[in-house]
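Structure first, then comments.
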Amino acid sequence: MTTPLKAATALAAVLLLILTGAAPAQAATPATKPPVSGSLNTYNVSGVYVAGVSSGGYLATQLHVAYSSRIRGAAVFAAGPYYCAQNNVAQALYGCGDNQYPTNVSALQTYTRTWASYGWVDPVGKLSGDPVYVFHGANDNTVKKSVTDDLVRYYQHFGASVQYDSGSAAGHSWVTPYGTLGCTATASPFLNDCGSDPQNALLRKLLGGVNAPNTGPLGGTLIRFNQNTFAVNGWANGLSMDANGFAYVPSACAAGQSCRLMVALHGCLQGYGSVGTAFVDRANLNPYADTNNLIVLYPQATSAVSNPNGCWDWWGYLGATNYPIKGGAQIETIMNMVRRLDG
């Protein structure tokens with residue numbers, strides 16, 4: 001008989017199937033800042049947005065739906081619709097990755113409306129008109145395109161303004177000009193170079209316009225902070241979250257100028273404990289942050305017995321059914337960070 005732990009381990013393994021992919025001849029080297037230990041401060045934040053890939057994409061949608069009154073838009077790479085797993089490992093594996101099971105989008109929409117009526121998530125009307133950028137690569141066999149199609153349909157049902165980028169040959173990854181792998185790969189660190197700049201597209205969609213990125217040395221500060229401070233239980237590891245989190249703060253934001261906040265969520269096997277600051281350094285958000293008055297928060301998940309690949313909780317591995325709504329442990333921990341940053 002398959003135990004929940006074995007099923008969860010199998011899910012993580014399948015969702016992170018390693019395929020052979022050629023690395024670029026020479027990966028572009030981004031300008032980086034070494035992390036400086038410090039604390040999160042409060043800044044003059046005018047709006048909050050969220051972006052994520054894979055399990056981070058699922059969590060991005062959970063955050064957006066639960067707190068749509070506060071979070072103004074989302075960018076989702078390589079993931080499916082809100083509450084796709086329905087607290088069920090088999091559904092997560094066969095419905096939200098491989099799509100052998102249906103994703104039941106209409107049921108997910110009904111759950112959302114019902115939970116909004118209970119106050120468990122914000123009113124669904126708050127999603128109407130929100131900008132949403134969705135990315136799926138043709139060589140992503142971890143999360144099938146039909147699953148991501150259903151994410152688009154989910155958001156459109158509630159009136160969100162969706163831009164769907166499905167023309168790339170990418171594997172299961174966050175696509176970035178600073179990717180260390182070839183476009184079609186699905187392998188660690190899941191940062192692929194497809195000769196394109198999706199970050200320009202997602203920021204233009206979410207923010208309504210974007211300035212060209214900083215091509216010189218970064219002018220801000222990369223803060224390494226203690227996630228235990230924000231963990232709902234006071235112990236980040238107990239929530240399958242790392243003790244360390246990161247935030248990139250441009251100098252203009254530190255000086256008090258009005259800035260927006262982007263919560264950027266890595267995928268499985270892409271957190272600090274697995275690849276160091278590769279996602280933080282190569283996601284191609286910090287160069288845009290400098291020129292667009294954008295603070296970037298990088299929360300960090302980590303491995304645990306029930307979560308060996310350091311994924312975010314989008315199928316209930318922490319053992320609580322409230323993981324996708326207000327009160328969910330990881331959602332509230334991240335929102336505690338947001339509350340500190342935007343006051």
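Within the 6.0 Å centre-distance limit, the rings of F279 and W174 are counted as a close aromatic pair. A ring-centre distance under 6.0 Å is found for H64 and Y155.
At least one side-chain heavy atom of F158 sits less than 4.5 Å from a side-chain heavy atom of R113. Side chains of P198 and F135 form a contact here, defined as non-hydrogen atoms less than 4.5 Å apart.
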### Task
Go through the steps to decide whether W115 and Y83 satisfy the test ring-ring contact (aromatic ring centres under 6.0 Å, His included), and finish with yes or no.
CA-CA 12 Å; W115 293 348; Y83 196 49; 4.8 Å; yes

### Verdict with reasoning, F230 to F225, per ring-ring contact (aromatic ring centres under 6.0 Å, His included)
CA-CA 10 Å; F230 304 95; F225 65 91; 5.8 Å; yes

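N284 and T176 share no side-chain donor-acceptor pair at under 3.5 Å.
Ring planes of F246 and Y272: perpendicular class, angle over 60° (limits at 30 and 60°).
Screening residues 219-246 for salt bridge (Lys or Arg N to Asp or Glu O under 4.0 Å) gives no qualifying pairs among residues at least two apart or on separate chains. Applying the salt bridge (Lys or Arg N to Asp or Glu O under 4.0 Å) test to every pair with at least one member in residues 69-78, sequence neighbours left out, gives these pairs: R70-D342.
We find the OG1-CE distance between T333 and M337 to be 6.5 Å, quoted to the nearest 0.5 Å.
When each of T112, T61, D149 is checked for a side chain to side chain donor-acceptor pair (under 3.5 Å) with Y154, only T112 meets the rule.
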